[in-house]
Amino acid sequence: MDMDSLVTLTGDIDTFMYTYILIIMLVVSGILFTIRTKGVQIRLFKDMVKSITEQKYNEGKSTASSFQALMISTASRVGTGNIAGVSTAIAFGGPGALMWMWIMATVGAASAFVESTLAQVWKVKNEDGSFRGGPAYYIQQGLGKRWLGIVFAVTLILCFAFGFNALQAYNASSTLEVYMPDYFTSGVVVWVALLIAAFMAICIFGGGQRVSFLTSIIVPIMAASYLLIALIVTFMHAGDIPAVFGLICSSAFDFRSFAGGFAGSVVSWGIKRGLYSNEAGMGSAPNAAAAASVSHPVKQGLVQTFSVFIDTMIICTCTGMMILVFYVGGGLETVVDPVTNITSFVNPNTGAVLTGMPLVQEALRYSLGDFGVNFITFSIFLFAFSSLLGNYYYAESNIRFISQNKWGILIFRVFCVAAVFWGAQAGFDLVWNAADIFMGFQAFVNLLALFFLGGWAIKALNDYESQKKQGLDPVFLASSIPGLPATECWHETRDELAEDAKRGDLSENAKMRHQVEEMLN
């Protein structure tokens with residue numbers, strides 16, 4: 001099969017999945033859980049913010065706090081998805097795609113709450129006292145179907161280790177095209193691919209601790225710098241902001257975009273890229289949520305819900321504003337395909353169609369000159385390197401869910417490096433299609449599990465709110481929810497707590513548990 005045929009095939013699969021299956025599941029699950037939780041993502045917003053500062057409930061250096069778990073998941077979300085993903089959505093769907101990203105983030109935040117709460121309920125404890133978990137674990141324990149947990153683990157591995165990492169490598173590599181117009185047809189792209197693959201190999205085969213440590217420090221600084229630059233660019237063009245919002249609103253509800261089919265519409269692109277960016281309902285963030293040491297699963301569910309808003313409402317919006325002030329200011333021209341009715345952005349100076357990273361780079365060049373181009377190029381490389389590692393560790397944790405075989409893990413690592421090498425020099429359409437397809441399979445399995453297990457998250461939420469009404473700092477006990485499928489954690493008994501209380505041995509956290517036990521009695 002030649003490359004053009006492969007692009008066409010993957011494009012057809014991508015279109016079918018998102019047109020007839022995933023968009024329906026995402027919207028239905030978001031609306032369903034918004035109704036069942038009574039709008040938890042809006043109603044308990046104050047609790048979301050408060051839960052971020054929650055101290056670690058279980059002592060030990062290996063355990064993670066709510067804030068640390070939030071940073072793990074946000075680091076995975078924040079990066080090229082917020083930049084290249086938004087750019088692609090606007091380029092192919094139109095400015096209104098940003099509106100649909102906002103809508104899906106608001107509705108999908110309820111799904112994010114449910115999946116992260118479930119990850120906490122069915123987390124497991126490691127030998128060093130830390131926790132791990134995620135959809136594979138709550139599918140195995142909550143549904144009692146290990147085989148389905150393995151299916152999910154496989155989809156996550158395909159999505160993150162191969163689909164997303166190939167895409168991260170491509171996005172980093174494509175930033176160099178602005179400096180060399182013939183970049184992807186030259187030999188330079190192979191050397192860049194080798195460099196990115198070598199970095200990946202060093203980090204995952206050992207010796208990469210220093211590199212990982214440095215990126216964990218540098219990347220948050222670059223993320224903050226990116227937001228600052230976006231705000232500066234936006235305020236530099238403050239006079240264009242009303243026109244930008246008018247354009248977003250008119251484009252979002254311009255249903256003439258459906259003339260070429262739903263797959264190419266503003267709604268479809270907004271939802272697809274919104275899912276890629278904030279991952280709500282996709283089943284990735286719960287892997288980080290499970291690591292948190294909290295007194296009640298709902299607290300971490302609320303924290304991860306807040307992360308969706310950080311991702312879409314703040315960072316994606318900043319990217320969108322930089323691109324759209326560029327467009328409104330006259331830096332871009334548009335060309336409408338007479339067959340599909342799809343609008344493309346074109347550089348008026350070169351006639352080149354702009355999408356992905358080149359569109360963001362040109363937007364920054366418009367406002368900040370060459371400094372803007374160089375800044376975003378450097379930022380994207382750092383974001384991509386950080387995301388490569390974060391995606392890999394998500395995938396490895398699911399490899400270990402399936403098997404602890406050392407040879408299997410070694411072979412997996414080799415394929416991860418190969419995927420990065422391939423992605424850095426692959427074509428734009430193929431690498432995005434592959435990432436969309438793998439993401440779709442993962443989201444399908446996770447959403448299916450949420451439909452069956454979501455009721456337990458609702459009961460956990462009711463337990464949390466019941467304790468809050470009594471003035472307590474909520475503490476969860478598995479026994480407080482009748483019929484809850486067996487969990488590994490949350491099993492301190494009332495008698496043990498009572499004996500410790502008599503001896504005066506309770507810590508402040510344990511005292512909270514004892515208060516709950518007394519209430520239940």
Side-chain angles (χ1 to χ4, degrees), residues 29 62-64 66 68-77 108 111-126 130-161 163-165 275 278-294 297-305 307-308 387 389-404 409 412 438-439 441-454 456-457 460 485-490:
S29 64
S62 299
T63 56
S66 281
Q68 288 170 325
L70 172 66
M71 288 299 100
I72 293 170
S73 62
T74 302
S76 174
R77 288 187 175 111
S111 299
F113 167 80
V114 169
E115 64 182 356
S116 292
T117 300
L118 293 176
Q120 270 287 320
V121 170
W122 281 292
K123 64 185 179 182
V124 300
K125 199 168 189 176
N126 297 315
S130 62
F131 300 100
R132 71 180 189 277
Y137 294 84
Y138 59 66
I139 289 171
Q140 175 176 288
Q141 297 177 68
L143 292 178
K145 300 185 184 297
R146 175 170 171 76
W147 68 268
L148 188 57
I150 291 174
V151 169
F152 174 83
V154 169
T155 62
L156 184 143
I157 291 163
L158 290 173
C159 181
F160 278 83
F164 280 7
N165 270 359
L275 175 61
N278 64 52
E279 301 175 12
M282 194 173 120
S284 51
N287 292 273
S293 173
V294 291
V298 166
K299 291 182 177 181
Q300 189 58 25
L302 292 171
V303 167
Q304 294 301 330
T305 304
S307 181
V308 172
S387 295
L389 297 180
N391 292 346
Y392 167 77
Y393 287 117
Y394 269 172
E396 185 178 280
S397 69
N398 281 268
I399 281 281
R400 294 184 183 279
F401 172 83
I402 299 171
S403 172
Q404 294 284 346
I409 293 173
F412 163 68
F438 291 144
M439 177 174 68
F441 281 127
Q442 179 186 327
F444 175 80
V445 178
N446 184 59
L447 289 169
L448 197 63
L450 295 187
F451 284 130
F452 287 101
L453 294 172
W456 297 114
T487 66
E488 183 174 311
C489 301
W490 316 107

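A heavy-atom distance below 4.5 Å is not found between the side chains of Glu396 and Phe160. Put simply, the side chain of Ile139 does not reach to within 4.5 Å of the side chain of Val151, judged on heavy atoms.
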What donor-acceptor contacts under 3.5 angstrom involve side-chain atoms of residues 443-453, with partners at least two apart or in another chain?
residue, atom, partner, partner atom, Å
Asn446, OD1, Tyr138, OH, 2.6
Asn446, ND2, Glu115, OE1, 2.9
Asn446, ND2, Gly281, O, 2.8

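Side chain of Trp122 to main chain of Pro135: no donor-acceptor pair is present (N/O by atom type, distance under 3.5 Å, no hydrogens or angles). Side chain of Gln120 to main chain of Ala289: a donor-acceptor pair is present (N/O by atom type, distance under 3.5 Å, no hydrogens or angles).
What you find for Val124 and Tyr137 is that their closest heavy atoms are CG2-CE2, 3.9 Å. Residues Phe113 and Gly301 come closest through the heavy atom pair CD1-C, 3.5 Å. Here the shortest heavy-atom pairing between Val294 and Gln300 reads CG1-OE1, 4.2 Å. Heavy atoms only, all atoms of each residue included: Lys123 and Trp490 are closest at CE-CZ2, 3.7 Å. Shortest non-hydrogen contact noted between Phe412 and Ala161 is CE1-CB, 3.7 Å. Counting all heavy atoms, side chain and backbone alike, Gly283 lies closest to Phe152 at O-CZ, 3.5 Å.
Atom-to-atom distance recorded for Gln141:CD and Glu488:CD is 6.5 Å, nearest 0.5 angstrom. Rounded to the nearest 0.5 angstrom, Ile150 CD1 and Thr155 OG1 are separated by 12.0 Å. Note that CD1 of Ile157 and CD1 of Ile402 are 4.0 Å apart. Values are rounded to the nearest 0.5 Å. For the atom pair CD1 (Ile409) and CD1 (Ile399), the distance works out to 7.0 Å, reported to the nearest 0.5 Å.
When each of Val114, Leu118, Thr117 is checked for a side-chain contact (heavy atoms from CB on, under 4.5 Å) with Trp456, only Leu118 meets the rule.
In this structure, the side-chain contact (heavy atoms from CB on, under 4.5 Å) partners of Leu158, at least two apart in sequence or on a different chain, are Val154, Phe162, Phe438.
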